[in-house]
Number of protein chains: 2
Amino acid sequence: MRPKKSTKVIAPRTKLKDARRSVTMAEIARLCGTTKMTVSRVFAGRPGVSEALREKVLKQATRLKYEVNQQASSFSSNRVNFIGLVTPFEGLLGSRYFQRVVEGLNRGLGNHPHDLVLFDMLSPNFESGDKLERVWRQRKVDGFVILAPHTTDQFIRPLAESGVPLVVVGEVDPGHGVASITADDEQGVRMAIEHLAGYGHKLIAYVGGPEMLSSAQRRLASYRETMENVGLEVKESMVMPGNYTMRSGREAGAKLFRAKRRPTAVFAANDDMALGVMQAAMAEGLRVPEDVSVVGFDDLAEAAEYWPALTTVHQPIRRIGLVASNLLLAQIVSDFQAPQPPPLDCNLVVRDSTAPLE
Amino acid sequence: MRPKKSTKVIAPRTKLKDARRSVTMAEIARLCGTTKMTVSRVFAGRPGVSEALREKVLKQATRLKYEVNQQASSFSSNRVNFIGLVTPFEGLLGSRYFQRVVEGLNRGLGNHPHDLVLFDMLSPNFESGDKLERVWRQRKVDGFVILAPHTTDQFIRPLAESGVPLVVVGEVDPGHGVASITADDEQGVRMAIEHLAGYGHKLIAYVGGPEMLSSAQRRLASYRETMENVGLEVKESMVMPGNYTMRSGREAGAKLFRAKRRPTAVFAANDDMALGVMQAAMAEGLRVPEDVSVVGFDDLAEAAEYWPALTTVHQPIRRIGLVASNLLLAQIVSDFQAPQPPPLDCNLVVRDSTAPLE
DNA sequence: TTTCATAAAGATACCGGTAACATCATGGGC
DNA sequence: GCCCATGATGTTACCGGTATCTTTATGAAA
């Protein structure tokens, strides 16, 4: 039973332009007198190839500078070896924090073939809220690492519900089963406040971060709790809002230092704001640390380089990145949801911006 | 002539796990009573489909939340819609400079389906020098944007010679036909020096960047030239080395301000170092701008936020990113090497760190 | 009415790998 | 010597699109 159409002879597709042409497994196989299936086994590191043949294949491959075509490989195995790195808010992309996380992620990726794809939610071409889900549907990535979301972020839930491999760096509402990794902010803040209290400071001001960030919420809560635990009173006029920028720190500092009763120590919920507070102190003619002690949070590169060098809470950001990629790879490669890791310990780095109260 | 083997019946591959299963063009086609070829035409925006059918296809696609499988599409069309973003030296990834470039790139990418893949050459898994060429061979990207390389960078040449689409942000040795885009550093420095000279400063110090960076070389050359043009002498003891970090700026500033004849103005080759110079001034008890004027270069976010706000040369970084992506897309999409664009104009932003000499 | 250019839609092969299964050679255990 | 387990290797059928060519429908020109 022949098809009703006459037989056709269709010319093979025109060849790719030379720049894009490349060696294929079939070619290597031909040179080695075998088939591409065997070559495929060699490169995938699967068993079932004799040592002699394997070496022959590798030799030819090296000679021809062969590299496995990831495109074709992905297509066949349905894995693309890209991980989406999502930066959902202003200022993240260009920060040392970002840099450290990337370092950690790359370390965790290790020998895996995955690379990081940048998705900056602030870019104009990302305005549509379902961008990430579309990217997933398009098979551009195998999963996402989402940096420090707002607790209320709406775009995480639909992703998670679609079964997209996902790790959040920061804290998310527990319960909907999203993997996440965070530092132990509470503990970090506690150490900072206890350090200041131990130096005899009584009036310890607080400069906070954006309210919608979970990290900011946790740090503030821990400040209040620790103050109470060490027997100090929290004066509401000493609790200043901020938004994690140097400017907001400087403005908060200016208000604090102009108050009729000024604090002898200030804890800022991140380093940038702490630097701003120090600037405000200088502008008001106060010396750090003689007149006022300042402590930050994060221990980014700037903190150590500043003058005076900032006493701050060191967050193991690189390690967080490393753990994040491990959690994600577990989901992608082994389809295995690792148990939620505990928050990672912070520690206090005492530099030159704090001193005992005289 | 039948093959010598008996006919075989091989079971179809097991289906993908549900999470990864998805609607295909064939499915949409079936629902619309047509073939996947037509559906393909619709999504590629190619002509040859009646309006009625096109709408029908789009309607079904929307209903099923269909997205074209980029993996398969890339495979077939031999374009992967990823662009490699290469950061070849320390500190770039976490800088505002990086952030701005990315903003510009994303803007330039516009509606193109390309996304950015991060290649941080400092990551341990990138130690091998031919990483980029391998990535290219693996068909993971369609081309590269390389940020501010050393002029001597060896890894650019082999890439360019292999015909890899490539744009360098910064200056490269002309002649080997690598597309590049840069700001007019010379002009920027000229404006800064003329500004200070116009304020009556005679002893204008210079704090430079790493010698192997082309931007640093050009800025220094322009400093010398402009000083001569405005009739001022360059004292070699007033030309300090630096490496674009705040710390190096502070150290350079400390030396300058402790010299027996100290400068009344300092130009630093980037903002971070300028901030360091201001810190050094304060540490030595000098006021900015009353005792010493300071000018930076780049106009990153910190410059405006600092106190006192920094007078600096504004570099159109975002625009540079935008031009870079346009240049690259031209090569990728149209196989067209656009003519080398001229350096983009800088302009001077006068803030609070400079004042006339009394 | 016939011819032919043009637009719409279909048919086929193919991109370069991988999954699943088939086959074959080898050698040990009986 | 025969059977079967085992490991090496080959065969086939895809993955889900796109390039290219063919066929069919439509309508204007002759």
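Letters A, B, ... are given to chains in the order of the sequence lines, protein chains preceding strands, and every chain is numbered from 1. What you see below is based on every heavy atom in this structure, not just the backbone, and it leaves out hydrogens, waters and symmetry mates.
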| query | Are any non-hydrogen side-chain atoms of B/L147 and B/V86 less than 4.5 angstrom apart? | reply | no
| message | At less than 4.0 Å, is any side-chain N or O atom of A/T35 found next to OP1 or OP2 of D/dG10? Yes or no. | response | yes
| said: On a heavy-atom basis, which atom in B/F82 and which in A/V117 lie closest, and how many Å separate them? | reply: CE2-CG2, 3.7 Å
| Between B/R46 and D/dA19, does any side-chain N or O lie under 4.0 Å from OP1 or OP2? | yes
| query | Would you say D/dG10 has OP1 or OP2 under 4.0 Å from some side-chain N or O of A/T38? | reply | yes
| request: State whether a side-chain donor-acceptor pair under 3.5 Å links B/Q340 with B/S180. | output: yes
| task | Evaluate the criterion salt bridge (Lys or Arg N to Asp or Glu O under 4.0 Å) for residue pair A/R107 and A/E103; output intermediate values, then yes/no. | result | CA-CA 6 Å; A/R107 192 158 307 185; A/E103 285 171 18; 5.4 Å; no
| query | Where along residues 48-67 of chain A does a heavy atom fall under 4.0 Å from DNA chain C? | reply | A/Y66
| query | What heavy-atom pair brings A/S123 and B/N106 nearest, and what distance separates the two atoms? | reply | OG-ND2, 2.7 Å
| said: Could you tell me how far apart B/Q71 (CD) and C/dG17 (P) are, to the nearest whole angstrom? | reply: 14 Å
| query | Can you tell me how far P of D/dA19 sits from CE of B/M37, to the nearest Å? | reply | 7 Å
| task | State whether the distance check finds a donor on one side and an acceptor on the other, under 3.5 Å, for side chain B/R139 versus base C/dG17. | result | no
| message | Whole angstroms only, please: what is the CE-C1' distance between A/M25 and C/dG16? | response | 8 Å
| task | Could you state the atom-to-atom distance from CD of B/Q70 to C1' of D/dC15 in whole Å? | result | 16 Å
| Between D/dG16, D/dT18, C/dT18, which one does the side chain of B/S40 approach most closely? | D/dT18
| field | Distance in angstrom units between B/Q138 CD and C/dC15 P, rounded | value | 21 Å
| Can a donor-acceptor pair under 3.5 Å be found between the side-chain atoms of B/S73 and the base atoms of D/dG17? | no
| note | Between CZ of B/F75 and P of C/dG17 the distance, given in whole Å, is 8 Å
| How many Å lie between CG on B/N69 and C1' on D/dT18, as a whole number? | 13 Å
| task | Using whole Å, report how far NZ of B/K36 lies from P of C/dA11. | result | 12 Å
| note | The answer to which of B/T34 and A/V68 contacts DNA chain C further toward the 5' end, by nearest nucleotide, is B/T34
| Would you say the side chains of A/N81 and A/Q70 form a donor-acceptor pair under 3.5 Å? | yes
| task | Look up atom CG in B/L109 and atom CG in B/L329, then write down how far apart they are to the nearest 0.5 Å. | result | 5.5 Å
